[in-house]
Amino acid sequence: MSQVHALSDDQVGQELRKMTAFIKQEALEKAREIEIKANEEFSIEKSKLVRQETDAIDAAHAKKLKQAAMSQQITRSTVANKTRLKVLAARQQLLDDIFEAASRRLADGAKDEAKYRGTLKNLLLEGLYALAEPDVQVRARKADYDIVKDAIKDAESEYKSNIGKETKVTIDEEDPLPEGSSGGLSIVGGNGKIEINNTFDERLLLLQSSSLPAVRKALFGANPNRKFYD
């Protein structure tokens with residue numbers, strides 16, 4: 001039978017020291033592992049946070065750049081539109097001034113009686129050819145009645161010579177043209193239902209409408225943005 005010998009105090013002390021040293025070493029290694037892992041996780045989290053902040057800063061910067069570019073584009077477009085509108089307004093004002101000046105000079109066409117008589121005759125003939133009626137009336141300014149009567153004689157004669165038919169033209173003295181008008185006359189047919197306005201003012205309006213594209217081109221050049229022409 002084997003005998004169990006009790007450990008001496010020195011032996012117990014040595015065993016305790018060994019166990020303590022082992023436990024301490026295990027604790028140190030475990031603490032080192034925890035520290036290394038913690039440092040790794042900290043580095044990973046730190047890198048993640050830095051990357052997130054960097055991405056956020058980059059996104060904010062990109063957004064500001066986009067907003068700045070859009071704002072600049074809007075400003076440029078606004079300035080361009082305002083400039084274009086000012087140019088168009090100035091051009092329109094020039095055109096208005098031209099036709100306004102022409103309107104003020106319309107009355108000059110009645111100062112030379114011989115030329116005015118010929119003009120009235122031609123305006124009257126235009127209406128007679130269009131109506132082709134045996135009896136028509138003309139409306140004119142009271143101040144022009146004498147010249148209009150001469151123009152009527154000339155027109156009736158030329159109409160008969162060209163058409164081979166007679167037409168009778170009378171002045172509608174009950175409904176004269178306003179004295180403030182520039183001249184010309186209005187031819188009435190169809191028992192008063194048809195009126196051909198050949199006054200100077202109306203002819204200028206027609207001329208303004210028909211010649212406006214040509215006047216624009218002559219003054220400002222061809223429009224590079226226009227693709228279709230009449």
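Side-chain atoms are counted along with the backbone in the values below, which use heavy atoms only and exclude waters and symmetry mates.
For the atom pair CD1 of Ile152 and OG1 of Thr167, the computed distance is 10.0 Å after rounding to the nearest 0.5 Å. Going from atom CG of Leu123 over to atom OG1 of Thr199 covers 9.0 Å, rounded to the nearest 0.5 Å. Here the CD1 atom belonging to Ile74 is positioned 11.0 Å from the CD atom belonging to Gln72, to the nearest 0.5 angstrom. To the nearest 0.5 angstrom, Met70 atom CE is 12.5 Å from Leu65 atom CG. Once rounded to the nearest 0.5 Å, the distance linking CD of Glu113 with CG of Asp144 reads 9.5 Å. Put simply, NZ on Lys64 and NE2 on His61 are 9.0 Å apart, with the number rounded to the nearest 0.5 Å.
By the criterion of side-chain heavy atoms lying less than 4.5 angstrom apart, applied directly or through intervening Ile, Leu, Val, Met, Phe, Trp or Tyr residues, Val148 is grouped together with Val136 in one hydrophobic cluster.
The shortest heavy-atom contact between Leu185 and Leu177 is CA-CD1, 4.0 Å. The shortest heavy-atom contact between Leu124 and Ala151 is CD2-O, 4.2 Å. Minimum heavy-atom separation, Lys142 to Pro176: CE-CG, 3.8 Å. Contact between Ala130 and Ile196 at its shortest, heavy atoms only, is CB-CD1, 3.7 Å. Scanning both residues, Gly127 and Asn198, for their nearest heavy atoms gives N-ND2, 4.4 Å. Residues Ile171 and Tyr145 share a closest heavy-atom pair of CG2-CE2, 3.6 Å.
Surrounding CD of Glu166 are at most 12 heavy atoms belonging to other residues, nucleotides or ligands under 6.0 Å away. Counting non-hydrogen atoms of neighbouring residues, nucleotides and ligands closer than 6.0 angstrom, the CD atom of Gln67 exceeds 12 such neighbours. Shown here is Asn191, whose CG atom has no more than 12 heavy atoms of other residues, nucleotides or ligands within 6.0 Å. With a 6.0 Å radius and a threshold of 12 heavy atoms from other residues, nucleotides or ligands, Gln73 has its CD atom at or below the threshold. The environment of CD in Glu174 is sparse: at most 12 heavy-atom neighbours from other residues, nucleotides or ligands sit within 6.0 Å.
For the pair Val79 and Arg76, the minimum side-chain heavy-atom distance is 4.5 Å or more. Asp146 has its side chain out of reach of Asp150: every pair of non-hydrogen atoms, C-beta onward, lies at least 4.5 Å apart.
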*Between Val138 and Val188, is a side-chain contact (heavy atoms from CB on, under 4.5 Å) present by the stated rule, with each step listed?*
CA-CA 6 Å; Val138 296; Val188 181; over 6 Å; no
*Chi angles and distances behind the salt bridge (charged side-chain N to carboxylate O under 4.0 Å, His left out) call for Asp175, Arg139*: CA-CA 7 Å; Asp175 189 17; Arg139 297 176 57 227; 3.2 Å; yes
_One pair to check against side-chain contact (heavy atoms from CB on, under 4.5 Å): Glu158 and Asn162. What are the steps and the verdict?_
CA-CA 6 Å; Glu158 187 168 331; Asn162 292 334; 3.4 Å; yes
*Take Tyr129 and Leu125 through the side-chain contact (heavy atoms from CB on, under 4.5 Å) test and state the conclusion after the steps.*
CA-CA 6 Å; Tyr129 291 140; Leu125 276 173; 3.9 Å; yes
*Which is it for Lys63 and Lys66 under the side-chain contact (heavy atoms from CB on, under 4.5 Å) test, yes or no, and what are the steps along the way?*
CA-CA 5 Å; Lys63 183 179 180 180; Lys66 185 177 180 180; 5.7 Å; no
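Hydrophobic cluster membership for Leu28: none, as no Ile, Leu, Val, Met, Phe, Trp or Tyr side chain comes under 4.5 Å of it.
A donor-acceptor pair is defined here as one N or O able to donate and one able to accept, closer than 3.5 Å; such a pair exists between the side chain of Glu156 and the backbone of Val169. For Ser182 (side chain) and Phe200 (main-chain N/O), no donor-acceptor pair under 3.5 Å exists by modelled atom type. Ser157 places no side-chain N or O within donor-acceptor distance of the main-chain N or O of Lys153, the cut-off being under 3.5 Å. Judged by distance alone, the side chain of Arg141 and the main-chain N or O of Ser181 form a donor-acceptor pair under 3.5 Å. Judged purely by atom type and a 3.5 angstrom limit, Gln137 has no side-chain atom pairing as donor or acceptor with the backbone of Ile187.
Between Arg203 and Glu126 there is a salt bridge, since a side-chain N of the basic residue sits under 4.0 Å from a carboxylate O of the acidic one. Salt bridge absent: Glu29 and Arg32 never bring a charged side-chain N and a carboxylate O closer than 4.0 Å.
Under the salt bridge (charged side-chain N to carboxylate O under 4.0 Å, His left out) test applied with Asp154, the options Arg117, Lys121, Lys160 reduce to a single match, Arg117.
Counting only N and O atoms by type, the side chains of Ser186 and Asn197 include no donor and acceptor under 3.5 Å apart.
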